[in-house]
There are 2 protein chains.
Amino acid sequence: MVRTASDHIPRAGTVSTDGVTTIAEVARQAKVSRATVSRVMNGHATVDPELAGRVREVAARLHYSPSRVARSLSLGRTQTVGLLVPDLGNPMFQQVLRGANQAARRSGYRILVADSIEEPQREAELAIEARRQCDALILCSPRMPEPELVQVLDATRPVVLVNRELTGSDVPTLTVDYVHGIRAVAQHLLDLGHRTLLYLTGPAESASNAARLAGLRQWQADHPEVKIEDVPCGSMIEDGYRAVDVVLDSGATGVIAFNDLVAFGLLGKLDEAGVNVPGDLSVAGFDDIDFARYARPSLTTMSVPQADLGRQAWDQLQALLQFPGQTAPGPTYFRPRLVQRASTGPAGSTS
Amino acid sequence: MVRTASDHIPRAGTVSTDGVTTIAEVARQAKVSRATVSRVMNGHATVDPELAGRVREVAARLHYSPSRVARSLSLGRTQTVGLLVPDLGNPMFQQVLRGANQAARRSGYRILVADSIEEPQREAELAIEARRQCDALILCSPRMPEPELVQVLDATRPVVLVNRELTGSDVPTLTVDYVHGIRAVAQHLLDLGHRTLLYLTGPAESASNAARLAGLRQWQADHPEVKIEDVPCGSMIEDGYRAVDVVLDSGATGVIAFNDLVAFGLLGKLDEAGVNVPGDLSVAGFDDIDFARYARPSLTTMSVPQADLGRQAWDQLQALLQFPGQTAPGPTYFRPRLVQRASTGPAGSTS
DNA sequence: TTGTATGCGTTATCAT
DNA sequence: ATGATAACGCATACAA
């Protein structure tokens, strides 16, 4: 929007037309130049106390506060970082958001959220688009194929990658050691005497699901005496809910759900079906969301420091913003911790 | 940041120093004016197909995309709305965010999140500060005192208020009929034969807690035969967890928790304590978060359409953005619905 | 110390 | 239909 130059006021005297006061207006009323106002507002240089006082007084009276947009344009930074997640409805990503937001806030940054759930296939596009509005990006659990990911990372840096790995990239990466994690769960179930396990897989595009599968294969190789089956399921409560028949038909005595959400759904339906957990069937989840311990029976799961992922993501980003050239120290692994609760128990304790 | 004018390139020929291509660069390479490039990019006017093609070709080759910041400054709008919530960790607000984000996204808007949990006393400040970065604001469950709220609403409009009422304001307001809701729960418990009820209150500053209390008083007046006590508790899982002693000592047979989180915590601790729910004690929540039906026993609660609140908040905001003068049609009430599940049952069925 | 001038990248007005 | 140019609001190098 351009104002007509019908009023022959010189640029320096531009007066706000709408409700918002501008630096020019403050300058005019304080009888100083805009530069001086700017200096005062930013605590810059040593400006005459007399003038500074006048400026501050006028600024306060007019409720003046510099335009973030204009400031962003001039400074070349927005003090905003984008966060792209696959599903804002998932507690895992909510926690990452929460952690990142808190950390960013402390440094005076804000977070712009982007949720790709409506159009997962446009994930890459969304990332790049979001990035154009901020100074950096946190890419959480991107589902896009690797070649695309490489391009996106390159197009959006500074960027940090959360919950997905990319070999040969210098992008700071925070990831969970799902391979170890899933092995720990399997071992836990074996220790309880379970010889027939079932893994309810997550979304096919999910890298963390692939990692879990890989871990399971590894572990299987070391334990040929155990039968492990995996069936497609999903990542949401409903997916677990619907999986109950497959689970019961499988003959498995121990079930590992892709995540706690799935485990929750499964537990719910099992209860309705009158199946005793862990008497008839042991169920383990993954993530340790807040509600896991309040499930009935309380959910055995691998604890992932979700908010920490967010916090650290911000830390890495901030480092990158300060020292742009800095190369990444390789992926940072968060090792999940087995939290043994009541949903898993000795094999064949009832039945 | 100002570039030294050491290169005597006239403004129209400004060349990008950093990685990002500007409109000027595209204009130069396409041998047209910046105005034309702008027109092409925005599908404006009818520009010669020949030129348009050239421009598009160059733009594509250079991966040009208009700067959102510059665009915002010129247009006077950011295509971004702020959302302030008291606690991003609360499923209720997460759903509001999710709903609002989805709706906003469909209209090409993004959401900037702000969480006041770290400094609740600076809520007003945060709201105003967030608003300076966007075109509008969604104020969700503000805890600030009324006089302050009035000022904030005035300073941040266009703004819509969610989950709090303010009489005499023309700000679009979306609120839940907690008064009705809490009465419905109480009645439900009475219908089950409970004569001694306990309400675990939420945060003192919470308007929705006040509404619940008011509803409870009303209902009490109509039912003098029932004994209702209320004790301070909180809004988080841990608060409910810690309330178990008070609950057991109260002698109440029916408990109404401020929200589902509190109910969850209480259920968890009750289970540990070996208390049978609903045999010994009935417990009801509020909100109907996703997990409520997966609690054990599944949680009886008042269902609040959380994501809808977010979606409608956006709708109202959009209307306001289009027709700024438009006055609000008074508060929109969402009437919560009783969802009867397994955590409430007949009084004295065990014990 | 303060003011002047210019640049940030875009859109829109106005003349051509 | 196209181009030159002002304007959005702010920050800063440079001159005074």
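Every chain is numbered from 1 and lettered A, B, ... according to where its sequence line falls, protein lines coming before strand lines.
B:T46 comes within 4.0 angstrom of sugar-phosphate atoms only, judged by non-hydrogen atoms across all strands, and of no base. Within 4.0 Å of A:S38, counting heavy atoms only, lies at least one base atom of the nucleic acid. B:V32 comes within contact range of the sugar-phosphate backbone alone, with a heavy-atom separation under 4.0 Å but no base atom that close.
In this structure, the CD1 atom of A:I23 is 12 Å from the P atom of C:dG3, given to the nearest Å. At whole-Å resolution of the value, CZ in B:R28 and P in D:dG3 are 15 Å apart. Straight-line distance from the CG atom of A:L73 to the C1' atom of C:dT6: 13 Å, rounded to whole Å. The distance between atom CZ of A:R77 and atom P of D:dG9, rounded to the nearest whole Å, is 20 Å. The nearest whole Å value for the distance from the OH atom in B:Y64 to the C1' atom in C:dG9 is 7 Å. Per the geometry, NZ belonging to A:K31 stands 20 Å off C1' belonging to C:dT1, to the nearest Å. Taking atom CG on A:L75 and atom C1' on C:dG9, their separation rounds to 15 Å, with Å as the unit. Spacing between atom CG of B:L62 and atom P of C:dG9 amounts to 14 Å, rounded to whole angstrom units.
Residue B:R34 places no side-chain N or O under 4.0 Å from the OP1 or OP2 atom of C:dG9. Taking side-chain N and O atoms only, A:S74 has no distance below 4.0 Å to OP1 or OP2 of D:dG9. Distances shown here put a side-chain N or O of B:H44 below 4.0 Å from the OP1 or OP2 atom of C:dA12. Neither OP1 nor OP2 of C:dG9 sits under 4.0 Å from any side-chain N or O of B:R71. Phosphate contact (OP1/OP2 of D:dC10, side-chain N/O of A:S67, threshold under 4.0 Å): absent.
When each of C:dG9, D:dT2, D:dC10 is scored by its nearest atom to the side-chain atoms of A:A70, the top-ranked nucleotide is D:dC10.
No salt bridge links A:R164 with A:E205; every basic N to acidic carboxylate O contact stays at or beyond 4.0 Å. Between A:D48 and A:R54, no side-chain nitrogen of the basic residue sits less than 4.0 Å from a carboxylate oxygen of the acidic one, so the salt-bridge criterion is not met. Here A:R132 does not pair with A:E129 in a salt bridge; the nearest charged N to carboxylate O distance is not below 4.0 Å.
Using modelled atom types, one finds a donor on one side chain and an acceptor on the other under 3.5 Å when comparing B:R98 with B:Q95.
With DNA chain D read from its 5' end, the first of the two nearest nucleotides for B:S33 and A:M41 is the one closest to B:S33.
Counting heavy atoms from C-beta on, the side chains of A:P66 and A:R71 come closer than 4.5 Å.
With hydrogens and angles ignored, a donor-acceptor pair closer than 3.5 Å exists between the side chain of B:R39 and the base of D:dG3.
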